Amino acid sequence: MDERSVLTDRVALITGGSRGIGRGITLALADAGAAVAVNYRSRSDEADTTVAEIEKAGGRAIAVRADVAVRAEVEAMAERVAAELGPIDVLVNNAGIATIRSVDDITEEDFDQTLAINLKSAFLCTQAVVPGMRKRGWGRIVNISSVAARGGGAVGVHYNASKAGLEGLTRGYAARLAAEGITVNAVAPGLIDTEMATPLKESGVADRLPVGRIGTPDEIGQAVRMIVGNGFLTGQTVAVNGGGSFL
Ligand code: NAP
């Protein structure tokens, strides 16, 4: 079965789906036939633009505001998506922040905020969708990690910890939900051309990568679509990093 038939008439929620990597994932899932809920926190114009693009191509989409680090907002978002599009079959935990901090400059607040938005959010969103997936015996959860889960990276230790935690969450849920038709995987991108990556683009990383360039949001969207289409793939982290693993 190809990804298009797996996703036809399914409902997908993509956190931070309005711009950057999330937008690439949203467009890839919508193109494969899913109705998509485009979550954002503050920039409603970018969410509306993404929704309009999907509708223009004949798809179904809504924009839904919520801070994914706040339980009540996550629960309200899941209820609204279910009411307007239908029960959530596919969850992509993509929303994240990357506040660059050195070992000496990082504060407790930086650490707490990063863990809340990059890691706790995935737990809250997963809790909100698993009961419905379990009832229907089918679900797909994809968590957007980073090369920084395993390497040092350029953001900071708070970011490393949040992404390593996200991969632990992935494997823990995967093991416990596999028998119920729910797969849980992670994608670990290398540097991708988004606003988040802007301060890192000048570092010459593209020249050091075997492919000689940084990645695009579409390329992460393609990987997520492939994962969602494969019911035998679970508990894995798929690295999409231009050969960065060889370095
Ligand atoms: P981005 O361009 O900064 O976009 C971030 C998205 O997340 C926006 O849609 C933003 O919404 C949303 N968001 C942020 N905090 C949120 C919150 N508390 N609640 C709801 N939505 C929130 O980032 P990106 O580069 O696309 O990164 C997406 C994911 O990929 C992140 O998890 C990041 O850590 C990971 N990643 C990125 C790279 C890279 O090189 N870009 C590499 C590896 C991993 P608003 O527009 O409303 O602010």
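Fair warning: this is a prediction, and the values are worked out from it, not measured in the lab. One-based numbering, in listed order, for ligands and for the atoms of each. Numbers here simply count residues along the sequence, with the first being 1.
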Could you tell me, atom by atom, which parts of ligand 1 come under 4.0 Å of a heavy atom of [X]?
X    : value
A66  : 19 (N), 20 (C)
G190 : 40 (O), 42 (C), 43 (C)
D67  : 17 (C), 18 (N), 19 (N)
N39  : 20 (C), 21 (N)
S42  : 45 (P), 47 (O), 48 (O)

Return yes when atom [atom1] of [X] has more than 12 non-hydrogen atoms of other residues, nucleotides or ligands closer than 6.0 Å, and no otherwise.
X    : atom1 : value
R150 : CZ    : no
R136 : CZ    : yes
K201 : NZ    : yes
D9   : CG    : no

Using atom types as modelled and distance alone, determine if a side-chain donor or acceptor of [X] lies under 3.5 Å from a backbone N or O of [Y].
X    : Y    : result
R140 : V228 : yes
T234 : A174 : no
N185 : Q236 : yes
N39  : A66  : yes
E219 : T216 : yes
T8   : G33  : no
N94  : I144 : no
N160 : G151 : yes
N118 : I97  : yes

What part of [X], side chain from CB on, backbone N/CA/C/O, both or neither, has a heavy atom under 4.0 Å from ligand 1?
X    : answer
N118 : neither
I117 : side chain
E46  : neither
S145 : backbone
A98  : neither
I21  : both

For ligand 1, find out whether one of its N or O atoms is nearer than 3.5 Å to an N or O atom of [X].
X    : answer
V68  : yes
G16  : yes
R43  : yes
I192 : yes
Y159 : yes

Quick one: nearest non-hydrogen protein atom to [atom], plus distance?
atom                    : result
atom 41 (N) of ligand 1 : T194 OG1, 3.1 Å
atom 4 (O) of ligand 1  : R19 NH1, 3.6 Å
atom 17 (C) of ligand 1 : R41 CD, 3.6 Å
atom 9 (O) of ligand 1  : S18 OG, 2.9 Å
atom 43 (C) of ligand 1 : P189 O, 3.4 Å

> So between I214, L191, N94, whose heavy atom ends up nearest atom 32 (O) of ligand 1?
Replying inline: N94
> Out of A69, G96, A95, who gets a non-hydrogen atom closest to atom 5 (C) of ligand 1?
Replying inline: G96
> Judged by non-hydrogen atoms, does R65 sit under 4.0 Å from ligand 1?
Replying inline: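 So R65 does not count as touching ligand 1.
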> Does a side-chain N-to-carboxylate-O contact under 4.0 Å join R23 and E53?
Replying inline: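 Looking at E53 together with R23, the answer is yes, because their closest N to O distance falls below 4.0 Å.
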